[in-house]
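Heads up: the structure comes next, in structure tokens.
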There are 2 protein chains.
Amino acid sequence: MAVFAGQGDARRSMALLWRAPEAGGARTGPGPKPGLSVDAIVDAAIAVADEEGMAALSMRAVGERLGRTGMALYTYVQSKSELVDLMYDQALAELPADYDPDADWRAAASSWAADLWAFYLRHPWLLQVSQARSVLGPNEYVMLDTAVRVLRPTGLEARMLRRAVGTLLHFVRGTASTIAETWQAPKATGVSEEEWWYTRSALLTEVAPDFAERFPAVAWLEARGGFRNEDETTPYLEQEARETFEAGLVLLLDGLEAAANRAAPAPGAGRLPRLP
Amino acid sequence: MAVFAGQGDARRSMALLWRAPEAGGARTGPGPKPGLSVDAIVDAAIAVADEEGMAALSMRAVGERLGRTGMALYTYVQSKSELVDLMYDQALAELPADYDPDADWRAAASSWAADLWAFYLRHPWLLQVSQARSVLGPNEYVMLDTAVRVLRPTGLEARMLRRAVGTLLHFVRGTASTIAETWQAPKATGVSEEEWWYTRSALLTEVAPDFAERFPAVAWLEARGGFRNEDETTPYLEQEARETFEAGLVLLLDGLEAAANRAAPAPGAGRLPRLP
DNA sequence: GCTATCACTTTATACCTTAAAGAAATCAGG
DNA sequence: CCTGATTTCTTTAAGGTATAAAGTGATAGC
């Protein structure tokens, strides 16, 4: 069968993603019974990525977790990249999908974004998986469906709604990335965040004694408390990222509300009749 | 000298980033004259990343571009990760930094975001470099300084302004990522975007014939033209990303304007007196 | 001119993905 | 029951990565 260069068999990939029966389902014939399954492999891979980060995700590591060699996985999966696609879609399955369609759309959008944010922080490796690759898996469509359902009461026109969803997605991913990096940096470098920050700030004043003159606006921000840590217990970057998420979400929803009012300026525009 | 585990010498890193004289400047002593320089190496590395993508950035590739082996670079740079930090900060140097402080802050913020967006698309590899890692390099501070200067006329309080900057940064990075991936996918897989999209859509209807029932909101979106390509010449994903950038920016700036009005509801709030 | 020092290369180690071949297990048909 | 095809999984190997360690040769100062 013809296969695209460097891409593997796209049909097999899609069949696997959607768990179509043709793709390695119940098999009867000669040869030993399969001791693994695609699901088991994907779960093990997700566990590795969750626990040790994307950098530690090797075929061997996944295989060992299942008591096999790394090569054993190639019986079930065409390539590591396909495995990552499967991990991605599988992980998305745990996202909530029900948001009260009769409630205020702002509230629904807020909890949707917060859920997504928390989800990314449970699986920080997702943020390292291609920013925008669309694998067209079932759970990716569930997520998109949920997002559209949540935002439909804004009354925005379809294309505009699509852009709003994209904007929200990018925003959530971006802010979650900051925290994810904060968490994985100590693991990777062996230096705690506090220690890193402390050392680097000290070195900064050493290497740029004229900081305030060179970066007046930053200095202004700093003087006004722009970088101050209010809660001493959480690392600075993490706290800032949390605040950025909350504040940025408000900005976005305010903007969305303005757009919604422009689109349907009638009072009660947030409660448009639901569509099938 | 004590060195952090796995981190190399942080002092040397900072000195290099800020090009402090202590870090390998003009040297006099025995031994052959250095044939390379940190700047030459960083420039070559950026060229490799620009032309062939981050995946092709190996020490060997950079060395060969300079007529050396890969190992030669280790005379100038502690590790590949340090080289990437240097590339990151060096690339940021080409960002514009002057935005008319007397103009409408909305206009300034728009062009700032657009410039940043174009910049990321000129160097798509930047989007693959740690989403949030702060290397505390000089040009990173220039960028931050610019952003703060652009948004200061909103009159927002310092911490809020910091969050607004973060939100805008994440948004721009996110939308740019989509396009960047679109561009590099054909290179990586050998399949053009049109071909990929065409094949995958065909397979999608094959593998999920009940698509419309399973994902009613997505189907609704599609029926209303949410995925239609208006300009046939540019690939769909790229066009959509461009639209998302433009529309999302409006959303964000609308939200920002609302916040600014809450902070300083006086008329003409966009023209607060500038601070030193 | 000797020697310490530095730039750079070579070699080696330990990873990675994955192609290809081999070993063992299983079922179907004779 | 036995044979052969088929399949799982392991082993081996090729070609890639970063980088530690050792070797080579040029240079400047004593």
Side-chain angles (χ1 to χ4, degrees), chain A residues 3 5-9 12-13 23-41 44-45 48-49 52-87 128 188-189, chain B residues 3 5-9 12-13 23-41 44-45 48-49 52-87 128 188-189:
Chain A
V3 159
Q7 253 296 69
D9 187 338
R12 215 185 109 180
S13 287
R27 201 183 49 78
T28 54
K33 297 258 177 290
L36 299 177
S37 67
V38 172
D39 284 320
I41 290 172
V48 170
E52 305 172 59
M54 204 55 174
L57 183 83
S58 66
M59 298 304 267
R60 189 197 291 186
V62 177
E64 265 169 13
R65 189 171 278 250
L66 296 163
R68 301 291 138 91
T69 65
M71 286 307 289
L73 311 185
Y74 286 96
T75 311
Y76 300 87
V77 146
Q78 294 190 88
S79 66
K80 184 181 179 181
S81 139
E82 185 179 276
L83 175 56
V84 173
D85 286 352
L86 291 166
M87 291 167 65
Q128 278 164 278
T189 63
Chain B
V3 160
Q7 251 299 67
D9 187 337
R12 216 185 108 179
S13 287
R27 201 185 49 77
T28 54
K33 296 258 178 287
L36 300 178
S37 67
V38 171
D39 285 320
I41 290 172
V48 170
E52 306 172 59
M54 203 55 172
L57 183 82
S58 66
M59 296 304 267
R60 189 196 292 187
V62 177
E64 265 170 12
R65 189 170 279 249
L66 296 163
R68 301 292 138 90
T69 66
M71 287 306 289
L73 311 185
Y74 286 97
T75 311
Y76 299 88
V77 146
Q78 295 190 84
S79 66
K80 183 181 178 180
S81 139
E82 185 179 276
L83 174 56
V84 173
D85 286 352
L86 291 166
M87 290 167 65
Q128 277 164 281
T189 63

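Note: hydrogens, waters and symmetry copies are ignored here, and every other heavy atom, side chains too, is used. Protein chains get the first letters and strands the later ones, always in sequence-line order, with residue 1 at the start of each.
Between the OG1 atom of Thr69(A) and the OH atom of Tyr74(A) there is a distance of 10.5 Å, given to the nearest 0.5 Å. Note that the CG atom of Leu73(B) and the CD atom of Glu82(B) stand 12.0 Å from one another [nearest 0.5 Å].
Of the two residues near DNA chain C, Leu57(A) and Gly31(A), the one whose nearest nucleotide lies more 5' is Leu57(A).
Between Arg60(A) and the phosphate of dC16(C), there is a side-chain N or O to OP1/OP2 separation shorter than 4.0 Å.
What separates NZ of Lys80(B) from P of dT17(D) is a distance of 9 Å, to the nearest Å. Between the CD atom of Glu82(A) and the P atom of dT17(C) there is a distance of 15 Å, rounded to whole Å. Distance CD (Glu64(A)) to P (dT17(C)): 12 Å, rounded to an integer number of Å. Here dA19(C) presents its P atom at 7 Å from OH of Tyr74(A), a figure rounded to the nearest Å. dA19(C) atom P lies 10 Å from atom CE of Met59(A), rounded to whole Å.
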Write out a two-atom table: protein N or O, nucleotide N or O from nucleotides 9-12 of chain D, distance below 3.5 Å.
| from | atom 1 | to | atom 2 | distance (Å) |
| --- | --- | --- | --- | --- |
| dC9(D) | OP1 | Gly35(A) | N | 2.8 |
| dC9(D) | OP1 | Arg68(A) | NH1 | 2.8 |
| dC9(D) | OP2 | Tyr76(A) | OH | 2.5 |
| dT10(D) | OP2 | Thr69(A) | N | 2.8 |
| dT10(D) | OP2 | Thr69(A) | OG1 | 2.7 |

Would you tabulate the nitrogen or oxygen pairs shorter than 3.5 Å linking the protein to nucleotides 28-30 of chain C?
none

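Looking at Tyr76(A), its side chain does come within 3.5 Å of a backbone N or O of Leu36(A) through a donor-acceptor pair.
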Identify all side-chain donor-acceptor contacts of residues 53-66 of chain A below 3.5 Å with residues at least two apart in sequence or on another chain.
| from | atom 1 | to | atom 2 | distance (Å) |
| --- | --- | --- | --- | --- |
| Ser58(A) | OG | Ala61(A) | N | 3.1 |
| Arg65(A) | NH1 | Glu51(A) | OE2 | 3.4 |
| Arg65(A) | NH2 | Glu51(A) | OE1 | 2.8 |

